[in-house]
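Position 1 is the first residue of the sequence; numbering continues from there.
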Amino acid sequence: MARTRGVGEEVGSLMPNHTRHERMMYGGIRLFAGTACPELAQAIAQYLGLPLCGRDVITFPNDNLFVRLHSSVRGQDCYVIQTTSAPVHRNLMELLIMIQTLRLDSAARITAVVPYLCYARSDKKDQPRVPITARLVADMIEVAGADRYITMDLHAGQIQGFFSIPGDVLTAFYLLTDYFKTLLPQMYNPVVVTVDLGFAKKARNYAQALHLPLAFIEKRRVANDARAEALTLIGDVYDRDVILVDDEVDTGVSVVQAVNLVKDNGARNVYVSFVHPVLSLDAADRLATLPVRQFVTTDTIPIPPEKRAKFGERLKILTIAPLLGEVIRRTNEGRSVGELFNE
């Protein structure tokens, strides 16, 4: 897709003038943050030049959650910023309760801003007697009272169809490719490699944007756990720098196998790029031992300081705050989001 500027640039300065009526079609923007990603929420608020609205999130001794707003939101355009990474069920319930609280206080419109949507891998019945939990999560967000949703890089495109409310599924693609364009001059004969065939179509977009060849790793997943087996490398990585791309890294097993496979096939420096840094269990320890020049990811999920420290200077975190902030502004003003990317 054609575009004219980076996601992180001050696109707000390029906005045309609008009447007060257009800007206030749903009332003023009111930003609320859950407890899952406070730094990202604050960065979004700073981009918009608005404060985060006051709220209390209380955990009772029986582990039940309670939310109380500090002021009325009647007739306002409200945005709840909450990623649903670990602890998944607390963060999800906090999102749902906050949405319902806003609904019961007569907010004019409520948008769930969920940078990382939990249960996105449970998107189909691929074996007997299993749920489609991604659909359940979408239903719960709607039933809680959300009018819209904003999220980033869903694991599967069909999840958009699980929602009956409108929404914007954004991508960190431009943010990541813009960054790698700055690294290309220092790379030797680089090639894009997808960690598995399921990401092949999106990996092709990376290769096209960077004007690089593409290689694939064929992988077979075993059972319902995190075990997977990297089988075959399709393409040439010998004596090349490699950019490994994927949508998320959970346990890190697939990345470990992919890095080892390309190195065994003669790759030079390896760069690992992914949108969602889930990094479950000991994934950070596992990845930190790999012969990788740089790990490039985003802040859709906050990485705890102790995990960041394991990577040292090899970890590059790109912020999605300007992108989310601009989409929130455009949603409030009733303006196109697609025009950000010349769509």
Partner of Phe32 under side-chain contact (heavy atoms from CB on, under 4.5 Å), chosen from Val73, Ile99, Ile81: Val73
With no hydrogens and no angle check, is any side-chain donor or acceptor of [X] less than 3.5 Å from a backbone partner on [Y]?
X      : Y      : result
Thr297 : Val275 : yes
Arg286 : Thr251 : yes
Thr83  : Ala36  : no
Glu94  : Thr35  : yes
Lys263 : Arg268 : yes
Asp153 : Tyr116 : no
Gln160 : Val169 : no
Asp285 : Ala288 : no
Lys125 : Val130 : yes
His276 : Met152 : yes

Can you name the nearest heavy-atom pair linking [X] to [Y], along with the distance?
X      : Y      : value
Pro277 : Ile303 : CB-CD1, 3.7 Å
Pro213 : Ala207 : O-CB, 4.1 Å
Leu48  : Arg329 : CD2-CB, 3.8 Å
Pro51  : Leu31  : O-CB, 4.2 Å
Ile44  : Gly325 : CG2-CA, 4.0 Å
Ser71  : Asp105 : O-OD2, 4.1 Å

May I ask you to say whether [X] pairs ionically with [Y], meaning some side-chain N is under 4.0 Å from a carboxylate O?
X      : Y      : result
Asp147 : Arg103 : yes
Asp168 : Arg148 : yes
Lys310 : Glu306 : no

With heavy-atom distances below 4.5 Å as the criterion, would you say the side chains of [X] and [Y] are in contact?
X      : Y      : answer
Arg293 : Asp241 : no
Leu184 : Leu210 : yes
Phe274 : Phe199 : no
Thr300 : Ile320 : yes
Val193 : Val270 : no
Arg330 : Glu326 : yes
Val137 : Phe162 : no

Looking only at the side chains, is there a donor atom on one of [X] and [Y] sitting less than 3.5 Å from an acceptor on the other?
X      : Y      : value
Arg109 : Thr331 : no
His70  : Asp56  : yes
Tyr271 : Asn269 : no
Asn91  : Thr84  : no
Arg55  : Thr101 : no

Tyr149 vs Phe163 aromatic rings, parallel, tilted or perpendicular, using cut-offs 30° and 60°? parallel
Test side-chain contact (heavy atoms from CB on, under 4.5 Å) on Tyr79 and Asn332 and set out the steps. CA-CA 10 Å; Tyr79 297 80; Asn332 174 255; 3.7 Å; yes
Are there over 12 heavy-atom neighbours, none belonging to Gln158, within less than 6.0 Å of that residue's CD? yes
Straight-line distance of Ile217 CD1 to Asp196 CG, nearest 0.5 Å: 8.5 Å
